Amino acid sequence: MAKTLNVGMIGYRFMGKAHSNGWRQAPHFFPLDAEIEMHTICGRNPEGVEAAANELGWKNASTDWQAVVNHPEIDIVDINTPNDSHAEIAIAAANAGKHVLCEKPLGMTVQQCQDMVDAVEKNNVVHMVCHNYRRIPAIAHAKKMIEEGAIGEIYHYRARYAQDWIVDPNFPLVWRLKKGISGSGAHGDINAHIIDLGRYLVGEFAEICGLMNTFIKQRPLEDSSGKGSGLGGAGGAEMGEVTVDDAAMVIGRFQNGALANLEATRFALGRKNNIVIEINGSKGSLYFDFEDMNRLKYFDNSQPDDRQGFADILVTQPGGSHPYVGQWWPPGHIIGYEHTFVHTLADFVNAVVAGKAVQPTFEDGKRNQRVLEAVEESAQSKQWVTV
Ligand code: SOE
């Protein structure tokens with residue numbers, strides 16, 4: 001009989017909902033080496049977390065994260081809280097001998113991330129930062145194609161992550177817009193994702209030049225309803241200062257010589273959660289658009305001149321041709337955003353049972369944070385910065 005892993009999840013809003021779906025679905029669609037018990041969900045608002053426990057399928061609800069982290073029955077702690085509490089919770093969980101999954105960005109500073117790495121390594125627990133987009137089948141397949149040399153030596157990595165949820169100046173000052181809680185704005189929230197995909201698909205960053213901008217500098221404080229979901233809410237009459245970036249842009253060089261061009265913005269009207277990546281190499285190119293996430297476009301320069309073009313690969317072929325998709329549906333029955341969390345949690349659970357590392361680890365989270373900080377340093381100094 002497979003062992004049972006009891007999960008305690010801290011945080012119950014958007015990522016709490018996405019991870020809960022992952023914990024519920026992973027056992028039904030992926031061959032897990034353990035049973036999963038959705039033991040306890042934890043949050044600060046008693047009514048909110050109680051409702052979330054019922055709605056999302058958790059056995060228990062708690063408002064005391066330390067009790068959850070130290071509960072003798074808990075094996076895994078899944079952290080989905082705002083960024084400023086990741087380190088404290090993750091270090092406590094590791095010190096309690098729990099395996100730790102933490103949402104991105106891992107911490108607020110490189111030093112905090114290093115402290116988290118030290119804690120998980122000292123306690124010999126499995127650790128992962130939830131960069132779920134690595135486990136989009138098309139992205140994982142692009143990684144395989146790159147490793148097989150399909151596009152040869154990489155010259156360019158161009159990535160854009162564009163949203164538009166705060167273009168309205170009346171949108172309130174939610175936690176993602178407060179430096180003390182989020183660390184940065186679009187930069188740490190969504191640039192972190194395309195920095196991670198750059199590290200995953202291309203390699204380590206060597207040097208960068210950054211630009212950051214805040215378009216709207218004052219916003220209404222959230223009203224007392226506390227209905228803000230982090231991505232929504234209502235503003236009162238009082239105004240407050242926005243202390244983070246609305247957009248960040250980066251040019252840079254990878255250690256392997258490839259050039260990077262990144263843009264992360266929350267001010268691209270019409271782009272709701274759009275990630276577009278193009279990688280150009282010596283033998284071909286790859287192109288991905290999250291708004292069409294089951295497709296990967298591939299230009300193969302070895303094709304005869306009269307039939308060259310971007311092949312449109314539908315990444316739904318089971319039987320090991322394409323990653324993860326075989327666990328879901330027959331070819332052509334496409335999947336979505338929520339499945340990337342199922343893939344992430346399934347890989348994490350099996351790594352926990354095997355006692356093996358699973359990428360991206362907390363070390364990846366720390367290296368991501370180093371790039372984030374280098375961009376902020378560069379935007380401040382208007383100088384190039386070595387990562
Ligand atoms: C808000 O930008 C957000 O929820 C990010 O925090 C997530 O990481 C991303 O997957 C969706 O958008």
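As the structure is a computational prediction, the values presented were derived from the model and not from experiment. Indexing begins at 1, ligand by ligand and atom by atom, following the structure's order.
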What about the rings of [X] and [Y], do their centers lie closer together than 6.0 Å?
X    : Y    : answer
F267 : W165 : no
H339 : W328 : yes
H127 : H99  : no
F30  : H343 : yes
F290 : Y133 : yes

At less than 4.0 angstrom from any non-hydrogen atom of [X], what atoms of ligand 1 do you find?
X    : value
Q163 : 1 (C), 2 (O), 12 (O)
I190 : 2 (O)
R176 : 1 (C), 4 (O), 6 (O)
D189 : 1 (C), 2 (O), 5 (C), 6 (O)
H193 : 7 (C), 8 (O), 9 (C), 10 (O)
F14  : 4 (O)
N273 : 11 (C), 12 (O)
Y133 : 9 (C), 10 (O), 11 (C)

Apply side chain to side chain contact (heavy atoms under 4.5 Å, CB included) to residues F341 and C130 and explain how you reach the verdict.
CA-CA 8 Å; F341 291 94; C130 186; 3.9 Å; yes
Assess whether a salt bridge exists between D196 and R134, defined as any Lys/Arg side-chain N lying under 4.0 Å from an Asp/Glu carboxylate O.
yes
Is the closest basic N to carboxylate O distance between D312 and R295 below 4.0 Å?
yes
What do we get for F290 next to ligand 1 when only non-hydrogen atoms under 4.0 Å count, side chain, backbone, both or neither?
neither
For F341, which part has a heavy atom under 4.0 Å from ligand 1: side chain, backbone, both, or neither?
neither
Would K104 count as being in polar contact with ligand 1, using the rule that some N or O on each side must be under 3.5 angstrom apart?
yes
Write out the residue and atom name of the closest protein heavy atom to atom 9 (C) of ligand 1, then the distance separating them to 0.1 Å.
Y161 OH, 3.4 Å
